[in-house]
Amino acid sequence: MLQTLITPFIRQPPEAKIFTRNEYEKSTSGWYVCRVLATKGGYAFCRRKKPRTFTLSAQMSAESTLLWFRKGLRLHDNPALEAACKNAKHVHPVFIIDPWFMNPDKISGVRIKFLLESLEDLDSSLRGLNSKLHVMLGKPDEVLPKLFEQWNVKRICYEYDTEPYAVSRDERIKELAAEAGVEVISPVSHTLYDIDWLIQKAGGKAPLTYQSFTKLVDQVGPPPAALPPPTALPPPKSDALRLAAEAGLPGDGCVPSLTTLGYSELADGIGFPFTGGETTGLQQMHKHLSRKAWVAKFEKPMTAPTDFDPAATTQLSPYLKFGCISPRLFHSELVSIYRSTPGSSKPPVSLEGQLLWREFFYTTSVGTPNFDKMVGNPICKQIPWDNSPELLTAWEEGRTGFPWIDAAMTQLVTQGWLHHLARHAVACFLTRGDLFCHWERGRDIFDKHLVDSDWALNNANWMWLSASAFFAQYFRVYSPIAFPKKTDPDGKYVKHFLPVLKDMPSKYIYEPWTAPIEVQKKAKCIIGKDYPKPIVDHAMIHKENISRMAAAYNAAKALAGGSGGGGGKGASKTGSGKAAGGDKKSKQGSGTTTSNKRQKTLKDFSK
DNA sequence: CCATAGTTGGTCCT
DNA sequence: AGGACCAACTATGG
């Protein structure tokens with residue numbers, strides 16, 4: 001009878017051993033066999049020489065299971081949900097509001113609002129299946145043991161998460177589960193592939209270039225197909241909430257409001273333009289997928305960062321971040337469009353390419369120690385960034401005096417989202433382009449405001465833009481004036497996000513300090529009074545910064561050569577390294593003198 | 001050891 | 001719109 005509850009997933013008779021994606025059994029021939037769902041309906045079997053993540057030893061029946069939602073806030077393509085339902089009488093869907101993620105100084109209300117909407121949507125979908133979401137408050141390692149006991153939990157299922165915070169949190173939960181005699185099942189569904197498995201396939205070393213990563217992906221074949229959503233699931237115990245409260249767990253189990261979490265309500269017009277949650281996420285995804293020609297021709301660099309309402313890209317990133325939509329579902333839908341459309345765009349610029357960028361950065365983030373730091377990070381160039389709190393704050397608050405930069409920062413803070421190229425522009429400006437601030441500071445500010453902020457992607461992209469890793473052509477600097485002109489010569493974007501400049505003539509919109517004073521008066525915007533003067537002289541400073549970057553690169557090379565006491569290879573590198581080192585030392589000297597000039601420049605241009 | 005190519009620069013020229 | 005130039009980096013694959 002329980003079997004009928006989970007019919008969409010399991011067609012075998014109850015006594016048969018059941019496999020799903022991520023679950024392997026060693027066959028008599030020595031291969032591991034894995035059952036995956038094919039696109040619509042049927043099943044396919046995969047054979048592998050090694051199990052991908054883990055092998056389920058047994059399919060024990062469990063009276064009561066716990067389905068722990070963290071990311072993966074969806075019912076479709078949710079293998080943890082499938083595993084929780086298997087042979088279970090009661091399934092308890094839980095989301096724990098971890099105080100770690102509820103700090104208004106570190107995470108903006110815009111993202112929390114999107115999360116709460118996603119939880120509301122998840123709860124409502126679960127209620128449609130005669131279940132509900134139990135929202136708990138507190139640290140997972142304190143809340144879960146109580147629930148294990150109160151609900152007599154025999155199995156906990158949750159989506160595997162590669163972020164360092166999640167990894168250590170989940171390690172602790174595994175220990176606690178073992179103590180409580182609770183089985184743990186943690187399948188992969190946040191990424192296209194199991195990242196650890198991919199790294200293994202790459203010979204234990206994460207590829208450092210996109211090209212070599214896509215070769216790896218071609219080698220291993222397409223990602224597993226997405227699972228369909230359940231049509232029913234075992235109900236939670238009817239007194240589950242009373243039992244939780246008896247254990248001293250606070251809250252009524254419902255999705256809380258922003259204000260109960262210590263956040264203020266968002267003002268009108270503030271927030272991501274679309275509602276959070278699986279329902280809206282799937283709607284938005286299908287809306288974009290229905291424009292097949294657009295999907296097939298999509299090339300990211302050809303989209304305009306200055307487009308807003310509607311934006312030039314899909315804006316699905318927040319839904320992917322929280323797992324409201326499955327990357328595997330999106331991927332398979334894209335592939336089927338490409339198949340039916342000859343001459344469609346390709347990675348890295350295609351939509352599929354965007355998903356592969358995500359996968360690539362997840363892979364490098366897992367394969368690199370101290371990925372979120374400059375110091376101790378083997379792929380990160382060591383650069384002596386200036387750290388001016390004044391410049392950093394001006395950047396965050398949109399007071400740099402460069403309308404394009406300030407408008408983008410305003411969109412970031414008010415909507416929690418920016419077009420990828422606008423992220424490039426402001427990140428380049430903060431780091432190697434103009435302000436020479438540490439990328440970790442910019443990373444923190446993005447992490448605070450972006451609804452889609454993702455640990456691996458955010459760190460990777462900041463290293464990219466600051467030319468600290470992945471990207472080394474530091475002499476290619478975005479101009480805060482020329483770049484937006486290409487797609488928005490009239491400055492519509494700036495005028496929307498910075499209304500103080502709405503009457504400034506297009507001719508001056510990206511460099512309003514050059515407007516004659518009569519023009520400023522007529523536009524009711526005096527530069528230096530109503531809108532700041534530019535904080536730096538871009539034309540001058542970006543050239544100085546290029547030479548500072550060259551000095552840092554050379555210093556790194558010299559260091560690698562000089563201190564490398566390693567093997568034979570090291571010796572040959574030492575020679576060339578030292579030669580290069582001599583060169584750059586002179587350059588480094590000039591870098592210091594220009595840096596003094598730079599201070600003067602700052603004074604001249606600050607408000 | 002070497003050649004190659006890299007998600008999306010800016011500027012000036014034709 | 002497209003190309004040369006700027007001043008020149010590095011992981012990868014041979």
Side-chain angles (χ1 to χ4, degrees), chain A residues 202-203 205-219 297-307 312-313 345-361 363-364 367-368 378-383 404 418-429 431-434 457 460-461 463-487 510-511 538-558 560-561 568-569 571-573 575-577 580 583-584 587 590:
Chain A
K205 204 174 157 288
L208 284 173
T209 65
Y210 185 82
Q211 270 197 340
S212 56
F213 178 78
T214 48
K215 275 180 197 161
L216 174 65
V217 163
D218 287 343
Q219 237 174 63
K297 287 279 168 301
F298 182 94
E299 292 190 2
K300 187 68 155 277
M302 296 294 122
T303 60
T306 46
D307 279 6
T313 51
S345 56
K346 295 269 177 298
V349 293
S350 63
L351 279 172
E352 183 200 12
Q354 307 311 304
L355 281 175
L356 294 178
W357 278 106
R358 177 176 183 267
E359 203 75 4
F360 168 53
F361 286 142
T363 307
T364 52
T368 308
I379 68 167
C380 186
K381 197 72 69 183
Q382 304 298 302
I383 294 165
W404 159 238
L418 273 184
H419 184 282
H420 191 60
L421 291 177
R423 300 182 197 205
H424 276 215
V426 298
C428 180
F429 186 89
T431 58
R432 65 187 168 85
D434 296 84
L457 276 47
N461 279 304
M463 282 191 270
W464 185 295
L465 263 300
S466 61
S468 298
F470 305 112
F471 175 84
Q473 282 155 294
Y474 52 76
F475 37 85
R476 292 188 184 171
V477 175
Y478 289 90
S479 160
I481 296 143
F483 186 70
K485 268 188 195 164
K486 287 190 287 189
T487 53
Y510 294 116
E511 35 192 347
H538 172 77
M540 199 169 145
I541 207 113
H542 94 272
K543 287 195 176 147
E544 294 175 8
N545 288 344
I546 287 173
S547 68
R548 295 181 79 186
M549 291 297 290
Y553 268 56
N554 284 329
K557 223 184 280 173
K569 261 188 191 171
S572 68
K573 269 186 187 169
S576 70
D583 255 272
K584 83 240 344 175
K587 270 187 192 167
S590 80

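Each chain gets a letter, A, B and so on, in the order the sequences are listed, and its residues count up from 1.
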Rounded interatomic separation in angstrom, taking CE from A:M463 and C1' from C:dT10
16 Å
Stem list for DNA chain B, please, built from Watson-Crick and G-U wobble pairs under 3.5 Å and keeping only runs of at least 3.
B:1-6 with C:9-14, B:9-14 with C:1-6
Would you mind classifying the nucleic acid contact of A:K381 as base, sugar-phosphate or nothing, using non-hydrogen atoms under 4.0 angstrom?
sugar-phosphate
Touch check for A:P347, heavy atoms < 4.0 angstrom, all strands: base, sugar-phosphate only, or nothing?
nothing
Tell me if the centroids of the rings in A:F483 and A:F429 come within less than 6.0 Å of each other.
no
C:dT12 to B:dT8 separation - C1' atoms, rounded to the nearest Å
22 Å
Keeping the roles fixed (side chain from A:E299, backbone from A:P348), state whether a donor-acceptor pair exists under 3.5 Å.
no
Report, as a single string ordered 5' to 3', how protein heavy atoms within less than 4.0 Å touch nucleotides 9-14 of chain B: B base, S sugar-phosphate only, - not at all.
BSS---
Nearest-angstrom distance from the residue atom NZ of A:K300 to P of B:dT7
14 Å
Only one of A:N461, A:T209, A:L465, A:T364 clears side-chain contact (heavy atoms from CB on, under 4.5 Å) with A:F470; which?
A:T364
Examine distances only and state if a side-chain atom of A:R432 and a backbone atom of A:R476 form a donor-acceptor pair shorter than 3.5 Å.
yes
Between C:dA8 and C:dA4, how far apart are the C1' atoms? Round to whole Å, please.
16 Å
Within this structure, what is the CZ-to-C1' distance between A:R432 and C:dC9, rounded to whole angstrom?
12 Å
Taking DNA chain B as the partner, which of residues 351-361 of chain A come within under 4.0 angstrom of it by heavy atom?
A:Q354, A:W357
Report the C-alpha separation of A:D307 and A:T487 in whole Å, then their side-chain angles, then the decisive distance to 0.1 Å, and conclude whether the side-chain contact (heavy atoms from CB on, under 4.5 Å) test is met.
CA-CA 8 Å; A:D307 279 6; A:T487 53; 5.8 Å; no
To the nearest angstrom, how far is A:Q211 atom CD from B:dA5 atom C1'?
6 Å
Is A:R423 reaching over with its side chain to a backbone N or O of A:L418, donor-acceptor style, under 3.5 angstrom?
yes
Which atom names give the shortest non-hydrogen contact between A:P347 and A:L356, and what distance separates them?
CG-CD1, 4.0 Å
Within the distance-only criterion (no hydrogens, no angle test), does the side chain of A:Y210 pair as donor or acceptor with the backbone N or O of A:G353 below 3.5 angstrom?
yes
Gap between atoms NE2 and P, on A:H542 and C:dA7 respectively (whole Å)
11 Å
Taking atom P of B:dT7 as reference, at what distance in whole Å does atom CD of A:E299 sit?
14 Å
In terms of the angle between their ring planes, are A:H538 and A:H542 parallel, tilted or perpendicular, with boundaries placed at 30° and 60°?
parallel
A:T313 versus A:T303, side-chain donor and acceptor atoms under 3.5 Å:
no
Could you check how far CD of A:Q473 sits from C1' of B:dA5, rounded to whole Å?
9 Å
How close or far is atom P of B:dT7 from atom CG of A:L208, stated in whole angstroms?
12 Å
Nearest 0.5 Å, please: how far is NZ in A:K215 from CD in A:Q219?
10.0 Å
Reckon A:K557 has a side-chain N or O less than 4.0 Å from the OP1 or OP2 of C:dC9?
yes
Between A:S479 and A:Y510, is there a side-chain heavy-atom distance shorter than 4.5 Å?
no
Rounded to whole angstrom, note down the P distance from C:dG3 over to B:dG6.
16 Å
Taking any heavy-atom pair under 4.0 Å as a contact, classify A:K485: base, sugar-phosphate, or nothing.
nothing
